[in-house]
Amino acid sequence: MDKPKSEAHARIFAAIAAIPHGRVASYGAIAARAGLPGRARLVGRALGEVPDGMELPWFRVLRSSGQIAFPPGSRGFKEQSKRLKAEGVEVKNGRVPLATFGLDADLDRALWGMPG
DNA sequence: CTACTGACCGCGA
DNA sequence: GTCGCGGCCAGTA
């Protein structure tokens with residue numbers, strides 16, 4: 001069978017689902033892990049296409065600077081920050097210190113088996 | 001077909 | 001910290 005055009009979606013979702021509890025990852029990292037290096041936008045699009053009710057830690061996905069992708073005050077922003085805090089992730093001014101909660105090279109390798 | 005937009009990224013100044 | 005530029009893919013007008 002032919003590969004569905006949503007294969008990228010599936011890979012992205014899988015990569016997001018692989019983020020451990022209490023940790024976060026950037027769009028670029030997800031895209032790279034999904035086999036789509038440089039397609040960070042695709043990740044953003046995919047997240048916008050996530051069906052409501054689907055079990056996916058979308059809130060663990062942040063920008064490369066640790067900033068929440070949603071505009072401050074918006075529904076998604078509140079929801080994401082709230083969920084992150086609920087997991088023990090420090091959200092300050094709509095931003096998360098990736099240096100602390102981001103996936104380290106070791107952990108990243110342990111999770112996704114990237115050579116190092 | 002072109003043009004614009006979007007839960008983006010990285011570099012340079 | 002800011003701003004600008006190019007690149008990337010998909011949907012819409």
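All values reported here derive from a predicted model rather than from experimental measurement.
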Residues of residues 39-58 of chain A with a heavy atom under 4.0 Å from any atom of DNA chain C, listed by number, are A/Arg39, A/Arg41, A/Leu42, A/Arg45

Under 3.5 Å donor-acceptor, A/Arg39 side chain and A/Pro37 backbone:
yes

Which pairs with one or both residues in residues 56-69 of chain A pass salt bridge (charged side-chain N to carboxylate O under 4.0 Å, His left out), sequence neighbours excluded?
A/Arg60-A/Glu87

Just wondering, do A/Met54 and A/Phe13 contact through their side chains at under 4.5 Å, heavy atoms?
yes

Would you give the length of the straight line joining atom CD1 of A/Ile16 to atom CG of A/Leu56, rounded to the nearest 0.5 angstrom?
5.0 Å

C1' atoms of B/dC4 and C/dC8, separation to the nearest Å:
15 Å

For the atom pair CZ (A/Arg33) and CD1 (A/Ile19), what is the distance rounded to the nearest 0.5 Å?
12.5 Å

With sequence neighbours left out, which residue pairs that include part of residues 8-22 of chain A fulfil the salt bridge (charged side-chain N to carboxylate O under 4.0 Å, His left out) condition?
A/Glu7-A/Arg11

Using the C1' atom as the point on both nucleotides, what is the distance between B/dA7 and C/dC3, in whole Å?
22 Å

Find the distance between CD1 (A/Ile68) and CZ (A/Arg95) and round it off to the nearest 0.5 Å.
11.5 Å

Anything under 4.0 Å to a heavy atom of chain A counts; send over the first and last such nucleotide of DNA chain B, read 5' to 3'.
B/dG6 to B/dG10

Nucleic acid contacts - residues 70-98 of chain A versus DNA chain C, non-hydrogen atoms under 4.0 Å:
A/Arg95

Using ring pair (Phe, Tyr, Trp, His ring centres under 6.0 Å) as the criterion, list what pairs up with A/Phe59, not counting sequence neighbours.
none

Side chains of A/Phe70 and A/Arg75, heavy atoms from C-beta outward: is any pair under 4.5 Å?
no

CD1 of A/Ile30 to CG of A/Leu103: how many Å apart, nearest 0.5 Å?
8.0 Å

